[in-house]
Peer 1: 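To start, I am sharing the structure in question, which I have written as structure tokens.
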Amino acid sequence: MRLDKYLSKSLGISRRDAKKLVLSGRVRVNGKVQKDPGFKVEEDTVDLDRIAVERPKENIYIMLNKPVGYISTTKGESPTVLKLVDHPRVDELFPVGRLDKDARGLIILTNDGEFSHKVTSPKSHIEKEYEVVVEGNAGNSLKLLEGVKLNDGHFAKALKVEISGNRINIVIDEGKYHQIKRMMAAVGLKVVELRRTRIGNLRLDIPEGSWRELSEDEIEKVINKR
Ligand code: URA
């Protein structure tokens, strides 16, 4: 792990402040001043002003296949998605973005705020794929490829639309509130089932109601458009 990341995670400070600390010469690695914020720390000891800085805990990244009926927050009246996860550090976790109570499918849980921000920021343009069952003429959804105005005046566009009967496979790279339902409404369609199957290049591959930890490769797959 980079030295600035190590400090930022262990001390709970921003990456920018951590970099400043390193550049100021107050940080030592194995007792020697280290002024390179990108210096790779492995099993080394780190101190700030000669006071040991503990190794930060590993971050946690979990894939969950959310069933209908659970809310994607950490607290609430209905059962939260965290109820489905019997991980020893579950209290640290929060969902990355939202999936409506009546929607199902892929949701990522983590304790890494920076990662969560990257995935949900509109600037990242991370793709999300959904399977949607609609009421109405599904053919109307092809209009979403050109883009539509939502009920709040914002413009939204689909990257891919595939239709099979009343089932639509749709890819978007934004994450506005109730985006799929509002896009479908904009072309006269009512969503009766909504299931997220992919975030970035990470595809849902576990049964409904179950969860598993993600490997480093898979975490990369979420944020890197390869
Ligand atoms: N779009 C929606 O309308 N709801 C979701 O839960 C996700 C995307």
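Just so it is clear, the values below take in all heavy atoms, side chains as well, and ignore hydrogens, waters and symmetry mates. In each ligand, atom 1 is the first atom listed, and ligand 1 is the first ligand listed.
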Peer 1: Quick check for you: to the nearest 0.5 Å, what is the distance between S14 atom OG and K19 atom NZ?
Peer 2: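 It is 9.5 Å, given to the nearest 0.5 Å.
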Peer 1: Please check if the side chain of R195 supplies one atom and the backbone of E131 the other of a donor-acceptor pair under 3.5 Å.
Peer 2: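 Side chain of R195 to backbone of E131: no pair is present.
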Peer 1: Between E92 and H87, does any side-chain donor sit less than 3.5 Å from a side-chain acceptor?
Peer 2: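 Per modelled atom types, E92 and H87 side chains form no pair under 3.5 Å.
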Peer 1: Only one of H154, M184, E174, K128 forms a side-chain contact (heavy atoms from CB on, under 4.5 Å) with Q179, so which one is it?
Peer 2: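 Option passing the side-chain contact (heavy atoms from CB on, under 4.5 Å) with Q179: E174.
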Peer 1: State whether the number of non-hydrogen atoms from other residues, nucleotides or ligands found under 6.0 Å of H125 atom NE2 is greater than 12.
Peer 2: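 Atom NE2 in H125 is packed in, count exceeds 12.
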Peer 1: Around ligand 1, what residues show up once you keep those with a heavy atom under 4.0 Å from it?
Peer 2: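 Residues near ligand 1: L99, D100, A103, Y130, H178, Q179, I180, K181, L194.
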Peer 1: Any ion pair linking D152 and K176 (charged N to carboxylate O, less than 4.0 Å)?
Peer 2: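 Salt bridge flag = no for D152 with K176.
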